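What follows is one structure encoded as structure tokens, with my remarks underneath.
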Amino acid sequence: MVHQVLDLSDFEKPAAQKRRDEIVAVVGLGYVGLPLAVALARKFQSVIGFDSSAERVVALTDGHDDNDEVTSLDLSNTSLEVSHLSGALSTATTYIVAVPTPINEFKQPDLSRLDAACATIGRYLTPGDLVIFESTVYPGVTEGHCVPLLEEFSGLEHLRDFNVAYSPERINPGDKTNRLETIAKLISADTDIALERVRSIYADIISADLFACTSIKVAEAAKALENTQRDVNIALMNEMSALFEKIGIQTGDVLKAAQTKWNFLPFTPGLVGGHCISVDPHYLRALSEREGLVPSLIENARRVNDAVPRRVLDRCLRHIATLGRRARIAQVGLTFKPDVPDLRNSLALTLAKDLQNLGLDMACCDPVLEGANLLPADLNCISIDQLMNIDILIIAVPHREVIGATDLSGILTAQSLIVDIQNCLDGRVLPQGTVRWAL
């Protein structure tokens, strides 16, 4: 089971023992770090999980993962030791950094948590140690930003005393098929010897391929590019769906036709949020601007995708105008993706707040958040079984618990509008008189 460990900062780390047995510390126990730490604990004799949140550590010690990525059974069957006290890191020989790298209010990269992780690790870094970064960054951050911090706080010299590596996370929250163990893993390091050490660590837990990148910068760039490509492709679909609406055809019908060609990429319009697709492009944009380039495609894609809530809002207001009375609106789903209790950068949440700020008769429900006790306090949230006499039903996030289980005929009025953002009701028989609108 998960054990909470004490602060060992007053104890010296025995250098001789370090090389005989790898002691791995995972810094950051969120969506990325916790599954990684649990997987490592199955293979290594000693694995330490560190998170700055004492509340998070207590929950894990009690066998509960609020993110629903690791089961209570997995937590009870692991030898992982967790702590919010940095001294617990003092015996580690390899540190894996899995802290969030978000953007700030100006949509610039926010490396503050990465900086804090480097400062914390630096206090306990000793000769022979390895630091592996998994957090998403722009190319150059590991060697140009993190290494100087590690040197400053440790008093050690990079390459002479310690090594760094980069192996980007590819976790897909809520995905029970593409898991840590089954996703191809990119690895990179500052020397060939360090790269083999990285390979030996991940080879024990990854059943998929390990792909060695030619440099740390290449691995950093590959991770940022993966999600930026998706953002651009979804932006094209969102832009085309607005055009198709203007000329009176359904985007879903167009996509079905286009997908009959073997090389058509199956992207669909929708709300783009979360901690990856809506964030990573800003890291490449910031680097491009620093290098004197104008990343117009990245900027335009972000602008198009961020504008989708406004388009949905406008459609709702047009329907309200046809009713000639105060409309009752309900939005189902607030998270950034289906079946995941995560509100980070959620455009569904943005849409709900925009509607409520207009003073409309607005209610929200999200069974996934409700089950995790995470419903936003600043929204009028109700249970899905309380919905009735709804004039506009917005299905913003098609949770499995909602689609197919909700009796639409029992909650709608004779002139209801269903805003089916993700086109999840395609082909479903809807109540007579209902208007369905999708991206």
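None of these values were measured; they are calculated from a predicted model.
- Here the closest non-hydrogen pair linking P173 and K337 is O-NZ, 2.8 Å.
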Taking distance alone, no hydrogens or angles, what donor-acceptor pairs closer than 3.5 Å link side-chain atoms of residues 186-195 to residues at least two apart or in another chain?
residue, atom, partner, partner atom, Å
S188, OG, Y166, O, 2.7
D190, OD1, N163, ND2, 2.9
D190, OD2, H158, NE2, 2.6
D190, OD2, V164, N, 2.8
T191, OG1, A194, N, 3.0

* To do: For D175 and R170, run salt bridge (charged side-chain N to carboxylate O under 4.0 Å, His left out): C-alpha distance rounded to whole Å, both residues' side-chain angles, the deciding distance at 0.1 Å, then the answer.
  => CA-CA 11 Å; D175 191 336; R170 283 173 160 173; over 6 Å; no

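- Remark: the D280 side chain and the H275 side chain contain no N/O donor-acceptor pair separated by less than 3.5 Å.
- Residues R302 and D231 are paired through a salt bridge, judged by an N-O separation under 4.0 Å between the basic side chain and the carboxylate.
- Closest approach of V218 and C213 over heavy atoms only: CG1-CB, 4.0 Å.
- Formation of a donor-acceptor pair under 3.5 Å by the E220 side chain with backbone atoms of T142 is found in this model.
- A salt bridge links K223 with E169; the closest basic N to acidic carboxylate O contact falls under 4.0 Å.
- Residues R326 and G359 share a closest heavy-atom pair of NH2-O, 3.1 Å.
- Within the 4.5 Å cutoff, the side chain of V254 has no heavy atoms near those of the Q250 side chain.
- Using a 4.0 Å cut-off between charged side-chain N and carboxylate O, R310 and D354 make no salt bridge.
- At a cut-off of 3.5 Å, with distance as the only test, a side-chain donor of T93 or E22 sits close to an acceptor on the other residue.
- In this structure, S278 and I103 approach most closely via the heavy-atom pair O-CD1, 4.4 Å.
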